[in-house]
Amino acid sequence: TERYYFTIMDDAKFKKNKYRNVSERVLYTRKHCSKESIIVQQLREKTFELGYRSEMMSSPDQDMFMASLIKSTGAKSVLEIGTFTGVATLSMAEALPEDGKIIACDLSTEWTDIGRSYWKQAGVDHKI
């Protein structure tokens, strides 16, 4: 299949290192799924500041897919193994109903502490 290249971040300092090889299906998903909230984008940018460690972060496509699954199934609980800075956690928390809960498991509070202020700012910290 034909491949396309795009950058996850528009910021020039990330362009040279953040090219991804994506298929038609991924481009379709990006076009037809809802966009990330501003606060998720901000946390994603903050995570990119961690340099090579940011490779542990999930992609916007994965996060939008998980949010779509949560909404379409009416899920009220999520178990996340490996939270890192909590970008995916935030995206899923936004998709959950107000009484939804995420159990987010990670060994390092160094990384999850980065996401906590963004979860609070987004008003979903009570779900996590």
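Nothing fancy with the numbering, it's 1 onward along the sequence. Here the structure is a predicted model, which means the values were calculated and not measured.
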Problem set entry | Heavy-atom donor-acceptor pair, Q41 side chain to E36 backbone, under 3.5 Å | yes
Exercise. Got a donor-acceptor contact below 3.5 angstrom from the K46 side chain to the I114 backbone?
Worked result: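 No; judged by distance alone, with no hydrogens or angles, the pair does not exist.
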Problem set entry | T47-T85 side chain donor-acceptor pair, cut-off 3.5 Å |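 Yes, because at least one side-chain N or O of T47 sits under 3.5 Å from a partner of the opposite role on T85.
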For [X], what residues pass the side chain to side chain contact (heavy atoms under 4.5 Å, CB included) criterion, not counting sequence neighbours?
X: R53; answer: L50, M56, F84, W111
X: S77; answer: none
X: Q62; answer: S58, S59

Of all heavy-atom pairs between [X] and [Y], which one has the smallest distance, and what is that distance?
X: K127; Y: A93; value: NZ-O, 2.8 Å
X: G51; Y: S54; value: O-OG, 2.7 Å
X: L90; Y: L43; value: CD2-CD2, 4.2 Å

Supply the atom-to-atom distance [X] [atom1] to [Y] [atom2], rounded to the nearest 0.5 angstrom.
X: I70; Y: L96; atom1: CD1; atom2: CG; result: 5.0 Å
X: R44; Y: S91; atom1: CZ; atom2: OG; result: 7.5 Å
X: K120; Y: S117; atom1: NZ; atom2: OG; result: 10.0 Å

For this session: Please lay out, stage by stage, how T109 and T112 fare under the test side-chain contact (heavy atoms from CB on, under 4.5 Å).
Result: CA-CA 5 Å; T109 57; T112 55; 4.1 Å; yes
Exercise. Residues sharing I103's hydrophobic cluster, by side-chain heavy-atom contacts under 4.5 Å among ILVMFWY, directly or via others?
Worked result: L79, I81
Exercise. Does any pair with a residue in residues 85-107 pass ring-ring contact (aromatic ring centres under 6.0 Å, His included), and if so which ones, sequence neighbours excluded?
Worked result: none
For this session: Sorted by first residue and then second, give each salt bridge (charged side-chain N to carboxylate O under 4.0 Å, His left out) pair with at least one member in residues 84-111; sequence neighbours left out.
Result: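 Found K76-D99.
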